[in-house]
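Small disclaimer: the values here were computed from a predicted structure and weren't measured.
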Amino acid sequence: NNTKLKYKTPSKIIKMEEEELENISLNEKYLIKGRVIHKILELITRIKDTNKQKEFIKQYLKSINNLLKKEEAKKIYNSLIKLIEDPKLHKFIFMPYSEVSIISLESEGIKNILINGRIDKLYIGDNYIYIIDYKTNINPPKDPSLIEKSYREQLNNYGSIIQKIFPNKNIKLGIIWTETQTYMEI
């Protein structure tokens with residue numbers, strides 16, 4: 001078989017040595033910030049008490065203080081507190097499944113594409129499934145039609161894979177913008 005396999009990773013993970021952190025670009029700083037926020041939002045769902053959630057966020061940020069400047073950690077803390085206290089977002093953030101790994105071999109014309117990703121939040125209801133992705137952009141779009149193509153592709157890939165597993169359920173794709181504490185369905 002001469003079919004070429006293309007590898008696609010919708011969500012990337014970074015790994016850096018301590019000495020590399022001194023000279024990282026602004027883009028890499030955003031990636032670190034995003035990873036920190038994702039990790040906290042993954043772990044916090046295991047804590048039921050709001051005060052303990054706040055303390056956990058504070059302690060987690062304190063434990064990685066070498067990755068973030070103090071003012072950045074404070075902004076992240078405030079943003080996360082607003083997220084967990086927002087009644088409209090609470091149901092999404094505390095969905096039962098966090099950081100769900102998925103992998104699938106998809107056909108795209110004559111190419112096969114291996115899709116390997118991680119769904120931030122997944123909820124499987126009786127008739128529908130929510131697939132939620134966290135985005136940490138400083139200035140998220142005001143309208144769903146302005147969402148970056150790569151974000152749409154990421155969620156559509158996830159939705160396509162989950163739809164094959166649950167063909168009789170409606171799939172709802174959405175983004176939680178952590179910076180503005182808003183939910184946007186795509």
Side-chain angles (χ1 to χ4, degrees), residues 9-102 116-123 130-144 146-148 150-152 154-155 158 173-186:
T9 305
S11 50
K12 295 183 175 113
I13 297 173
I14 59 169
K15 182 178 179 181
M16 301 185 86
E17 299 296 323
E18 192 171 338
E19 56 272 4
E20 292 176 294
L21 290 171
E22 294 297 320
N23 300 313
I24 61 173
S25 70
L26 188 58
N27 189 42
E28 290 168 322
K29 287 178 184 176
Y30 288 133
L31 289 173
I32 291 170
K33 174 186 169 188
R35 279 283 128 214
V36 167
I37 290 170
H38 277 75
K39 193 57 163 175
I40 291 171
L41 289 171
E42 173 193 355
L43 296 173
I44 201 166
T45 59
R46 301 174 189 167
I47 304 167
K48 302 302 174 211
D49 179 71
T50 306
N51 289 326
K52 289 180 180 177
Q53 291 167 351
K54 291 176 182 180
E55 185 60 26
F56 170 79
I57 295 169
K58 187 185 297 178
Q59 292 305 320
Y60 188 94
L61 290 169
K62 192 175 179 182
S63 76
I64 57 155
N65 66 354
N66 60 328
L67 289 177
L68 302 166
K69 291 185 177 175
K70 199 172 196 174
E71 59 272 8
E72 186 62 36
K74 187 170 178 67
K75 284 181 190 175
I76 291 171
Y77 176 83
N78 291 334
S79 179
L80 289 171
I81 296 303
K82 287 178 187 175
L83 274 174
I84 66 171
E85 290 181 341
D86 188 312
K88 293 177 289 192
L89 298 177
H90 190 272
K91 69 177 182 180
F92 296 121
I93 291 167
F94 291 93
M95 287 177 173
Y97 303 109
S98 294
E99 298 293 322
V100 178
S101 295
I102 58 170
N116 180 22
R118 193 168 293 180
I119 298 172
D120 291 338
K121 296 303 284 185
L122 179 71
Y123 174 78
Y130 275 102
I131 297 172
I132 307 294
D133 197 54
Y134 297 127
K135 295 296 180 198
T136 56
N137 300 45
I138 293 174
N139 297 308
K142 302 275 188 237
D143 186 85
L146 302 174
I147 294 172
E148 285 183 38
S150 63
Y151 294 168
R152 290 178 176 284
Q154 177 186 4
L155 281 165
Y158 295 163
L173 307 173
I175 294 174
I176 291 180
W177 303 100
T178 61
E179 196 73 23
T180 57
Q181 300 85 46
T182 53
Y183 170 75
M184 192 177 286
E185 201 163 294
I186 66 165

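The shortest distance between side-chain heavy atoms of Ile176 and Asp133 does not fall below 4.5 Å. Contact check for Ile102 versus Tyr158: side-chain heavy atoms found under the 4.5 Å cut-off. In this structure, the side chains of Tyr30 and Ile138 come closer than 4.5 Å at one or more pairs of heavy atoms. A 4.5 Å side-chain heavy-atom check between Ile131 and Val100 finds every atom pair outside the cut-off.
Annotation: the span from Gln59 atom CD to Ile57 atom CD1 amounts to 11.5 Å, rounded to 0.5 Å. Note that the CD1 atom of Ile119 and the CG atom of Leu173 stand 9.5 Å from one another [nearest 0.5 Å]. With rounding to the nearest 0.5 angstrom, the CZ atom of Arg35 is 5.5 Å from the NE2 atom of His38. Taken from CH2 in Trp177 to CG in Asn139, the straight-line distance is 10.5 Å, to the nearest 0.5 Å. One distance of note links CD1 of Ile76 with NZ of Lys74; it measures 12.5 Å at 0.5 Å rounding. With rounding to the nearest 0.5 angstrom, the NZ atom of Lys75 is 14.0 Å from the CG atom of Leu80.
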task = Could you check Leu41 against Leu83 for side-chain contact (heavy atoms from CB on, under 4.5 Å), going step by step and ending with a plain yes or no?
result = CA-CA 10 Å; Leu41 289 171; Leu83 274 174; 4.2 Å; yes
key: Tyr151 and Asn137: CA distance, side-chain angles, deciding distance, side-chain contact (heavy atoms from CB on, under 4.5 Å) verdict   = CA-CA 11 Å; Tyr151 294 168; Asn137 300 45; 3.0 Å; yes
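Closest non-hydrogen pair, Tyr134 versus Ile93, comes out as OH-CA, 3.8 Å. Listed here is the closest heavy atom pair of Ile84 and His90: O-CD2, 3.4 Å. Here the closest non-hydrogen pair linking Met95 and Ile132 is CE-CG1, 3.8 Å. Heavy atoms only, all atoms of each residue included: Leu122 and Pro96 are closest at O-CD, 4.2 Å. Closest heavy-atom contact between Pro141 and Leu146: CB-CB, 3.7 Å.
Side chain of Tyr123 to main chain of Phe94: no donor-acceptor pair is present (N/O by atom type, distance under 3.5 Å, no hydrogens or angles).
With sequence neighbours excluded, the residues satisfying side-chain hydrogen bond (donor to acceptor under 3.5 Å, both in side chains) with Ser98 are Lys121. Asp143 pairs by the side-chain hydrogen bond (donor to acceptor under 3.5 Å, both in side chains) definition with Ser145, not counting sequence neighbours. Every ring pair (Phe, Tyr, Trp, His ring centres under 6.0 Å) that Tyr130 has, sequence neighbours left out, goes to Phe92, Tyr128. Contacts of Gln53 classified as side-chain hydrogen bond (donor to acceptor under 3.5 Å, both in side chains), with partners at least two apart in sequence or in another chain: none.
Of the charged side-chain nitrogens involved, at least one lies within less than 4.0 Å of a carboxylate oxygen, so that Lys39 and Glu42 count as a salt-bridged pair.
Contacts classified as salt bridge (Lys or Arg N to Asp or Glu O under 4.0 Å) and involving residues 45-67 (residues at least two apart or in different chains) are given here: Lys54-Glu85.
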Without placing hydrogens or testing angles, list every side-chain donor-acceptor pair under 3.5 Å for residues 178-186, not counting sequence neighbours.
| unit_1 | atom_1 | unit_2 | atom_2 | d |
| --- | --- | --- | --- | --- |
| Thr178 | OG1 | Lys135 | O | 3.3 |
| Glu179 | OE1 | Lys33 | NZ | 2.8 |
| Thr180 | OG1 | Thr182 | OG1 | 2.9 |
| Gln181 | NE2 | Ser79 | OG | 3.1 |
| Gln181 | NE2 | Thr178 | O | 3.0 |
| Gln181 | NE2 | Glu179 | O | 3.2 |
| Tyr183 | OH | Glu185 | OE1 | 3.4 |

